[in-house]
Amino acid sequence: MQEYSPEEVERKWQAVWEEAKYFAATEDTARSKYYVLEMFPYPSGRIHMGHVRVYTIGDVIARYKWMRGYNVLHPMGWDAFGLPAENAAIEHGTHPAKWTYANIEEMKAQLKQLGYSLDWDREFATCDPEYYRWEQLFFLQLWERGLVYRKKAPVNWCPDCRTVLANEQVENGECWRCGSEVEEKSLQQWFVKITEYAEELLRDLDTLQGVWPDRVIAMQRNWIGRSEGAEIDFPVLGGKGSIRVFTTRPDTLYGATFMSLAPEYPRLEELLPQGGDRERVLREAERMRAEDPQLREAEEAEKSGVFTGAYCRNPLTGESMPIYVANFVLMEYGTGAVMAVPGHDQRDFEFAQKYELPIRRVVRPEGEEGQDNPEMEQAYSGPGFLVNSDKFSGLDHESAKQAITAELEAMGLGQKSVQYRLRDWNISRQRYWGAPIPVIYCERCGEQPVPEKDLPVELPLEVITHSDGRSPLAESEEFLYTECPVCGGRARRETDTMDTFVESSWYFARYTKAKEHKAPFDRQALDYWLPVDQYIGGIEHAVLHLLYARFFTKALRDLGYMGIDEPFAQLLTQGMVLKDGAKMSKSKGNIVDPGDMLQRFGADTTRLFTLFASPPEKDLDWNDQGVEGAHRFLHRLWRLGLELQDHLRPVGPCARMDGAGLSRSARDLRRKEHGTVEKITRDMEDRFQFNTAIASVMELVNEISSQKDALSPQEEDRHALSSAWSTALIGLYPMTPHICEELWSRAGYSRHLARQEWPEYDPEALQQEEVLIVVQVNGKLRGRVSVPPDAGEEEIKQAALGQENVRRHVEGREIDKVVVVPGKLVNVVL
RNA sequence: GCGAGGGUGGCGGAAGUGGUAGACGCGCUGGACUUAGGAUCCAGUGGCUGCGGCCGUGAGGGUUCGAAUCCCUCCCCUCGCACCA
C-alpha cells in the first residue's frame, strides 16, 4: 500500500487550486457574499505559530463558507511599513524596501505551503506608492475638514525607536513594540481628531454587543472613558477671573472646600498674589512637573501640593476656598483644575488630611440618618442623600446632580459637560520607512497641503539610513526641497512619516478592489463586499488597530467613500500560541518553527493540531506529542481511505437510501453519519468550535473503521459506507484540505472538494431504533433499559421498574413518585 | 479598586435549553504482531472499594425528583484599565 506522503499530496493539490484559481473572488451580486479576513501580517521574515493559528482559523471559515455556497472573499496582503525594516537595514547594510520585499516573498511561499484558500490576485503591500497615495489623499481631505491639525504638544517619545508614539501605543509607560520606557517630549506633531468621533465610537459599541468579544468592547469603552458631569466656574478672589473645573459630582458642590490645580496649569502665575511666596510656589510647581510621570501617576503615590496664597469662591456656599497646586491633578484631563471634595473623594480626603483642610459630609449614605457631621475616616463616594447643602439637602444624590447643575446654569456659572479619556491620535513618526505626510512648509505661506494632482509624495528609495536616528528624508535634498504650491517659492517638505497604524486602518476596504488605479476604491465593489463579515486577529489590538479602523471607517464614510458605520461585523480574537505554558520567544528558546513542522509533518497535520488542541479564542499550549497524535490520525485516515477506495461508489454525502434495505451495522453507520453532520454544522456555524467538530469527525472515522467489516457486500450497505466516508472527508476538508481532496478523488469523485457542497442531514436518519433510558433511584444511576423510541411513559416506567438492579434498590420501600423523561431517563423517588 | 473571562481526570479539553460528568485526543497500563520498535492493532484507564457500592466538576450553603449547568456567600487564577476629578 502506498504510504501517506504529505509533501506529495500537498504539492499536488496546491498546484490544482492555484491553476484553477479556485479561490479568486468575483463581484457576483446575485450571490450572497462572505468576506473573511485575518489581520494582515507584518513581513518580518518568516511566519511564526501565531500566524499559522490565525490564518488556519480564517481558512477553515473561508473553505466552510465556500461549501455553504457563499461568494467568499479571503484576501491577503502586507503591513509593510515599519521600524523593523529600518533596523534590519542598518544592521545588515541593506535597504528597508529590499529587506521588506524579500521577506514578503519568503512568507508568501510559506503561506502557500500551508495551503490557504487565499485570493492572491488582490495582494498588495502598504509600502507601495499605489497604496499609500490614497492614504495621503485621505490625510488632505481630513485636513480640509478640520479633522487633522498640527500642534506642539507634550508627546510620548520612545528613545529606542527614536520616534513618538500615540497614547494607545504606550502600555504601562512602555513602548508597545520594544518595551523601552517612554519619555516626554514637546514636539510639533500632526494629530487626527479621533475625539470628534468619541461619542459615536462609544455608542456604536452597542451594535457590536454579542458579535465582538465582551472584553474587546469593554476595553474600548474603558479607553474612550466617557464621563458625564458639569463644568463649574469658581470666581477667583481679587478680580482675577475664574477657574473652570470639570466634575462628575456636581451634587457634592457644597462639600468643595478647596481647589486643586495641575502643576502645568497655564494661568497659575497670574493667579498668584503679589509678593510673599510667589517664587516658592512656582518652584514647587516646577518640581512637581519634573516628577517622573510614571511615579506621579501611580495611585499609591504620595499626594502633595502647595498653597498658592490665592482664594476662589464656591459659587453656591459663597465660602472662600484656598487654591492649591496638587501633584495628582492632570492637565490633560478635564480643565486641569479640580474642585476638591474631601468628604467624598479619597484623593481629596488624603490631601485635606495632610494639609489640615476642612472635610465636610454632604452625601449621607442610606441608613445613617441623623449623622450629618460624623468623624470621617475615609471619603464616601457611594450613593445617598444630600445633607449640609442648603435647599438641596434631602435630595437623593442623582436628582441633586440635575438640580445643582440647573441652578448653576441659571446663575451663568456652569453647565452640563461630557469628558472623554480618549485623546487625539498623534500620527507623526520621526522615521523614514513610512508614508510621507503630504505637507509643504513655505516661509511665506506657512503649512500648505500638497496639491492632490501631485500625489503620491513618494518616499525616495535612494537614501542611506543611519543608526543615530538622523532622518534620511531631511538629508535627501531631492525630497526635502520643493516649490510652494501657493507662491512658487522655495519650500521644504514635511519629513515625518505617518504612523503605520494608518495603513492598517483602511486596508480591508482596499481589498474590495485592490487594483483600482484611479481612486482608492471602486464604490460598487466596496458596497458589495463591506463590511468584513468575519474578522480574526489578536486581542493585543483591542484598543490599537481595532479602534483606529473603526474610526477610519466612520471618517471615510463622512468623506463619502463608504456607506457603512462599522468595518467588522463579527470579530474573533484568537488566543496565543504558548510552549510549556509560556509565550514563545527567542530568549526563552521555546520557539516552535512552522517551517520545521511543515517539513516534518506537512501542512495538514500542522493545521489539524492547531485547531484540535484548543478552541480558537483560548490560548494553545503547543505539545509535540499532540502533533504526533494528529499526524497519526491522518495516517489512519489515509490507510482507511486506500483500503476502502475500491469498494466505494461516488454517491455523495448523506446519500438518500432506503433504511429498510440496510443491515443493522449500516443503519448504525448511517445514523452516526447524519448525527455527525448535525453536530459539526452547529460547531462550524455558530461558534467556530473546530476542536469539537474535529472530535466528531474522528468519531465517525472510528465508527467507519469498526463497522466496515460487519457490513454486507450488498449494494445498499456499500452505499451507506460510501456516503459515510464522503461525509467524513467533507467534514474534515476545511481543516485538512489536501489529504481530503486526495482521498476524495480516490473515492471516485471528479469534482473537487473545493467546489463541493456541505451536506444536509436527514432528521429521519437520526431516528433511533431503540433508545437507551437511564434509570435512577433517588437520583442515583441504577440501571439502563432499551425501549422503542415511541414507547409511552407507562411502558418506559414498567420497563425501568422491571430492571433487576432497580428492583433490588426499590424492594421493600414505598415508591413516592416516578419521574419519566421520555427518550432520556426514569427517576424512581422513594 | 473597576471591568472581562476562567477554576472539570496525570495533560489538552467535551458536556445546545438542568437529565448517564469526563466525548475526542495526548499520556499511561496490559496484550497481539514482530529480529526490533518510539510503527501498527486489541483491551483498559477519575478516585476509593468490603465488588454491594461510595465519593467526585475551586469551597460552603440553597432551589429541584435530579445541578458542572440555576440562586446566595466566599476563595483562587488569567487578562485589561487604573490618582481621569
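In what follows, chains are A, B, ... by sequence order, proteins preceding strands, each numbered from 1.
- Not a single ring-ring contact (aromatic ring centres under 6.0 Å, His included) links A:W223 to another residue, sequence neighbours left out.
- B:A82 and B:C75 have their C1' atoms separated by 24 Å, given to the nearest Å.
- Nucleotides B:C24 and B:A32, compared at atom P, are 26 Å apart to the nearest Å.
- Mapped onto RNA chain B by nearest heavy atom, A:V829 and A:V774 fall at different nucleotides, with A:V774 at the one closer to the 5' end.
- Scanning for salt bridge (charged side-chain N to carboxylate O under 4.0 Å, His left out) contacts around A:E760 gives A:R68, with sequence neighbours left out.
- With sequence neighbours excluded, no residue satisfies salt bridge (charged side-chain N to carboxylate O under 4.0 Å, His left out) with A:E814.
- Shown here are the salt bridge (charged side-chain N to carboxylate O under 4.0 Å, His left out) partners of A:D345, two or more places apart in sequence or in another chain: A:R347.
- Remark: the separation of the C1' atoms in B:U20 and B:C65 is 16 Å, to the nearest Å.
- Pairs of residues two or more places apart, or lying in two chains, that qualify as salt bridge (charged side-chain N to carboxylate O under 4.0 Å, His left out) and include a residue from residues 606-632 of chain A are A:D59-A:R607, A:K579-A:D624.
- In the interface, the side chain of A:R249 is not paired with the base of B:A85 through any donor and acceptor atom under 3.5 Å apart.
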Inset, instruction - List the protein contact pattern of nucleotides 8-15 of chain B with one symbol per nucleotide (5' to 3'): B for base contact, S for sugar-phosphate-only contact, - for none; contact means a heavy-atom distance under 4.0 Å. - result: ----BSSS

Inset, instruction - Classify every nucleotide of nucleotides 44-58 of chain B by which part a protein heavy atom approaches to under 4.0 Å, writing B for the base, S for the sugar-phosphate alone and - for neither, in 5'-to-3' order. - result: --------SSSS---

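- No hydrogens or angles were tested; on distance alone, a donor-acceptor pair under 3.5 Å links the side chain of A:R784 to the base of B:U20.
- In terms of the ring-ring contact (aromatic ring centres under 6.0 Å, His included) criterion, residue partners of A:F351 (sequence neighbours excluded) are, by chain and number, A:F258, A:Y324, A:F328, A:Y355.
- Among the duplex regions that RNA chain B forms, those built from at least three successive Watson-Crick or G-U pairs under 3.5 Å are B:1-7 with B:75-81, B:10-12 with B:24-26, B:27-32 with B:40-45, B:46-48 with B:53-55, B:58-62 with B:70-74, ordered by first number.
- A gap of 32 Å separates the C1' atoms of B:A67 and B:G80, to the nearest Å.
- The base of B:C65 is paired with the side chain of A:N827 by a donor and an acceptor separated by under 3.5 Å.
- Both A:E678 and A:A695 lie close to RNA chain B; mapped to their nearest nucleotides by heavy-atom distance, the more 5′-ward contact belongs to A:E678.
- Looking at residues two or more places apart in sequence or on another chain, you find no salt bridge (charged side-chain N to carboxylate O under 4.0 Å, His left out) involving A:D709.
- Using a 4.0 Å cut-off on heavy atoms, the residues of residues 223-230 of chain A that approach RNA chain B are A:S227, listed by number.
- By the side-chain contact (heavy atoms from CB on, under 4.5 Å) test, A:Q707 is found to be paired with A:S665, A:D668, A:E703, A:A710, residues two or more places apart in sequence or in another chain being considered.
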